[in-house]
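Step one of this worksheet: look at the structure below.
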Amino acid sequence: MDTLMAIIYAVLVLGLLGAILGLVLAVASKLFEVKKNPLLEPISNVLPGANCGGCGYAGCSAFAQAVIDGTADPGGCVVGGEDCAAKIAEILGIEVKKNMRIAAFVNCSGGNNAKKKFQYIGIKDCHAAMRISGGPTECAYGCIGLGSCVNACPFGAISLVNGVAFVDHERCTGCLKCVNTCPKHVIHPVPYYADVNVACSSHEKGAVLRKICNIGCIGCKICEKTCQYDAIHVIDNLASIDYEKCTGCGECALKCPRHLIVDSKLDRSPVVSESTAVSN
Amino acid sequence: MSIASLFSIALGAILVENYVLVQFLGICPFLGVSKKTDTAFGMGMAVIFVMTIASAATWLVNKFLLIPLELEYMQTVAFILVIAALVQFVEMFLQKSMPSLYQALGIYLPLITTNCAVLGVALLNIRADYSFIESIVNGAAAATGFTLALLLFASVRERLQFADYPKAFDGFPIALVTAALLAMAFMGFSGLKVF
């Protein structure tokens, strides 16, 4: 009987303790209640919840708050894309602005096509390689190809192909972690639906560039002459596309003698030069 | 209870009896949030905060509730209950009155509600028969030791990213090897005695 009494006694005391604490918490939750916008939760629910920071806010809930405050556009979530933007707009009862989905693109196709200054043996990290006279590639603008961006990508969208970083367009969510990581600033944000992109960043003159890279832009202006829409221009020896004007006809990609303008309608695979690699 | 004995307790809890590396308490956050030094620091601060107030609260509960009612054998259950409720309460309080501190500790506070290091310090305080002040000092110092171990470990893991170890060790294996080496280094403090 004593044991039974002890058990009942213990249960009673602890149960009472639990009940009192529960009551205190219940009172406290009313007392310390922080008023939240009732829209915050439904908006947070439609967001991906990856807290990647691609929108420029601290996390998904911070972005949701910014959308409610009107400081951020519902389409600002790069991971969620159009579906997410449409859902948020529906909750808020507003219109989505122009679709701004972006993707990362590596403006370089050098890699094994580019000449090396020296053979780099060390930590497999582009930032480390950069410290040794600006990296092993002869081209001052090109991809080092040690894969700092591959490690930075939270979505596994980047791989090294032929010695140069390559972004898998399907997997890229546009969080731009790679853009911020790349020490050569060779990865750039481009509109997700851009059909043509220039896979080179070099501002070297054509004659110089021919000696150090088999594939880089030589600034021949053939693309500029080909384009009927005034959308591609050679600025400082490098072709650059005005995405506002580009219709994606793909003529420049066909005419480019170096085959470095990538037409995504035809092929999104990495650029591979037909000629053999420059001997190192 | 002099300042000297409190200092002795604190030093013992930080180095000699380090909760993570010597007593193997709180291993879960030790491995879980040690990938970056800044998250490790945030976690450490939250642990210091919770452990200190938990030491105080559990000592009071033990002294004025469990001992008079002769329910000492229910310590573990009662302490879990009290610590969990306390952390919840503190979280609500912080959210209302100190939003900036809440932002800084926010994610980590609920994580450590039922951390074994927090429960451990409460139980060990009772076992060592510490007074109220001693309990609080021991709690704060043990948490400082936890933070120290976490920060050291996170710094090493950050460096490990550039290390060239065998591929089979990638991830947790190399982390555990590192933890073992750190624990062995802390064994060096075992003979340390101030008074």
Side-chain angles (χ1 to χ4, degrees), chain A residues 2-3 5-36 40 44 49-51 53 57-62 65 120-131 146-152 154 177 181 183, chain B residues 35-36 38-39 42 53-54 57-58 60-104 106-107 109-110 113 158-165 167 170-171:
Chain A
D2 270 2
T3 350
M5 281 311 288
I7 292 171
I8 293 171
Y9 182 53
V11 169
L12 272 180
V13 170
L14 280 179
L16 209 65
L17 183 67
I20 292 169
L21 288 174
L23 210 67
V24 169
L25 282 184
V27 172
S29 73
K30 283 275 168 247
L31 207 63
F32 298 128
E33 195 182 9
V34 177
K35 280 222 166 62
K36 279 184 181 167
L40 194 65
S44 298
N51 291 320
Y57 292 91
C60 290
S61 58
Q65 186 62 51
Y120 173 78
I121 300 171
I123 299 168
K124 261 184 82 79
D125 181 83
C126 302
H127 295 269
M130 264 291 273
R131 300 224 174 148
L146 287 169
S148 285
C149 51
V150 178
N151 294 333
K177 286 237 159 69
T181 299
Chain B
K35 280 202 175 137
K36 280 186 183 165
D38 41 346
T39 51
I53 52 169
T58 51
L60 291 173
V61 167
N62 188 57
K63 176 85 175 173
F64 296 109
L65 190 73
L66 297 183
I67 292 179
L69 297 174
E70 293 174 349
L71 278 174
E72 286 103 323
Y73 60 91
M74 293 303 276
Q75 271 167 355
T76 311
V77 183
F79 287 176
I80 290 176
L81 197 65
V82 171
I83 294 170
L86 187 72
V87 172
Q88 286 295 313
F89 181 81
V90 168
E91 198 186 346
M92 281 187 244
F93 176 74
L94 285 182
Q95 195 174 10
K96 180 76 177 176
S97 55
M98 285 177 254
S100 55
L101 186 64
Y102 175 76
Q103 285 281 322
I107 339 160
L109 265 183
T113 323
E158 279 191 353
R159 293 238 173 162
L160 269 180
Q161 294 207 323
F162 299 121
D164 202 11
Y165 50 79
K167 194 130 198 137
D170 210 14

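Values below: every heavy atom of this structure, side chains too, minus hydrogens, waters and symmetry copies. Chain letters run A, B, ... following the sequence lines, proteins first, then strands; residues in each count from 1. These numbers come from a predicted model, not from an experiment.
- B:Leu65 touches chain A through its side chain: at least one heavy atom from C-beta onward sits under 4.5 Å away, while N, CA, C and O do not.
- Counting only residues at least two apart or in different chains, side chain to side chain donor-acceptor pair (under 3.5 Å) contacts with residues 66-90 of chain B comprise B:Asn62-B:Gln75.
- Within 6.0 Å of the CZ atom in B:Phe93, the count of heavy atoms belonging to other residues, nucleotides or ligands does not exceed 12.
- Under a cut-off of 6.0 angstrom, the local environment of CG in B:Asp38 is crowded, with over 12 non-hydrogen atoms contributed by other residues, nucleotides or ligands.
- Heavy-atom minimum distance, B:Ala78 versus A:Leu14: CB-CD2, 3.7 Å.
- Contacts between B:Leu71 and chain A at a heavy-atom distance below 4.5 Å involve the side chain alone, from C-beta outward.
- Listed here is the closest heavy atom pair of B:Met92 and A:Ser29: SD-CA, 3.3 Å.
- Close approach to chain B, defined as a heavy atom under 4.5 Å from one of its heavy atoms, is seen in A:Leu21, A:Val24, A:Leu25, A:Ala28 of residues 20-28 of chain A, taken by number.
- We find the CD-CG distance between B:Gln161 and A:Asn151 to be 7.5 Å, quoted to the nearest 0.5 Å.
- Using a 4.5 Å cut-off between heavy atoms, A:Leu17 contacts chain B through both its backbone and its side chain.
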